[in-house]
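Given the structure is predicted, the values throughout are model-derived calculations rather than measurements. Heavy-atom basis, side chains included; hydrogens, waters and symmetry copies ignored.
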Amino acid sequence: MADMLAAGASWLADQMAASAAMNCAYKRGANTTQFTATLGRSTFEAAGQNGVVERWESRDYIVRVADLPYGEPMRGDFIVEEINGEAYFYEVAAPRGVPLFHYSDAFQNAVRIHTKQTDRDITFIIDDQGNEISVPLTAQE
């Protein structure tokens, strides 16, 4: 039975890559490689020591393990998407206590990489009354 499940998980990872993936660039240091990934999203929430609730929304990239350009994703790597001729930069990152990536199936066919946009980001702070205060950050050069 496990062989049938493994084959099914592999087939599903291949189908996602073939029909729902987009071309991106993966940057590690001075090296850049093209690859394909399926988009996803994760939301995390945690209360800090001062009681402020931090809400973190990650843009996730689901990638077949065989397609990872530099092995396991590392903090400080970047994924670059081009949308309508404009490049958007997403740094591999996750909130404290959350891994940067996890396998998307039990057979480790694909990984879900958590990222945070760094070029056009907005930070949301929650005040004592539960109101969101947005603070735009400057664009990354």
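- Between Glu45 and Arg55, at least one side-chain nitrogen of the basic residue sits less than 4.0 Å from a carboxylate oxygen of the acidic one, meeting the salt-bridge criterion.
- The six-membered or imidazole ring of Phe44 lies near that of His114, with a centre-to-centre distance under 6.0 Å.
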* To do: Test Ile79 against Phe35 for side-chain contact (heavy atoms from CB on, under 4.5 Å), laying out the working first.
  => CA-CA 10 Å; Ile79 296 175; Phe35 75 110; 4.1 Å; yes
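- Side chains of Lys116 and Tyr90 form no contact here, defined as non-hydrogen atoms less than 4.5 Å apart.
- Nearest approach of Pro99 to Ala94, heavy atoms of both residues: O-CB, 3.6 Å.
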- prompt: Between Leu100 and Ile113, is a side-chain contact (heavy atoms from CB on, under 4.5 Å) present by the stated rule, with each step listed?
  reply: CA-CA 6 Å; Leu100 297 172; Ile113 305 168; 6.0 Å; no
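- Hydrophobic clustering (side-chain heavy atoms under 4.5 Å, transitive across Ile, Leu, Val, Met, Phe, Trp, Tyr) keeps Val98 apart from Tyr61.
- At a threshold of 4.5 Å between non-hydrogen side-chain atoms, the residues Phe89 and Gln117 do not count as touching.
- Atom CG of Asn84 sits in a sparse spot, with 12 or fewer heavy atoms from other residues, nucleotides or ligands closer than 6.0 Å.
- Residues Glu81 and Cys24 come closest through the heavy atom pair CG-SG, 4.0 Å.
- Nearest heavy-atom pair across Val65 and Gln108 is CG2-O, 3.3 Å.
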Problem set entry | Step-by-step side-chain contact (heavy atoms from CB on, under 4.5 Å) determination, Asn31 to Tyr70 | CA-CA 9 Å; Asn31 300 318; Tyr70 305 113; 3.3 Å; yes
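- Without hydrogens or angle criteria, Asp77 side chain to Met74 main chain gives a donor-acceptor distance under 3.5 Å.
- Side-chain contact check for Tyr26 and Thr32: no donor-acceptor pair (N or O, by modelled atom type) lies under 3.5 Å.
- Looking only at distances, no side-chain donor or acceptor of Thr36 sits under 3.5 Å from a matching main-chain atom of Asn23.
- The two atoms that bring Glu54 and Pro95 nearest to each other are OE1-CB, 4.2 Å, heavy atoms only.
- Looking at heavy atoms from C-beta onward, Thr43 lies out of side-chain contact with Trp56 at the 4.5 angstrom threshold.
- To the nearest 0.5 Å, atom OG1 of residue Thr33 and atom CG of residue Asp67 are 12.0 Å apart.
- Residues Ala110 and Asp105 come closest through the heavy atom pair N-OD2, 3.8 Å.
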**Study point:** Step-by-step side-chain contact (heavy atoms from CB on, under 4.5 Å) determination, Asp60 to Thr115
**Key:** CA-CA 6 Å; Asp60 297 341; Thr115 69; 5.7 Å; no
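- You'll find the side chain of His102 stays beyond 4.5 Å of the side chain of Val111, heavy atoms only.
- Glu57 is linked by a salt bridge (charged side-chain N to carboxylate O under 4.0 Å, His left out) to Arg41, counting only residues two or more places apart in sequence or in another chain.
- Residues Ala25 and Gln34 come closest through the heavy atom pair CB-NE2, 3.6 Å.
- Looking at residues two or more places apart in sequence or on another chain, you find no side chain to side chain donor-acceptor pair (under 3.5 Å) involving Arg75.
- Residues Thr118 and Phe78 form a side-chain contact, since some pair of their non-hydrogen atoms from C-beta on lies under 4.5 Å apart.
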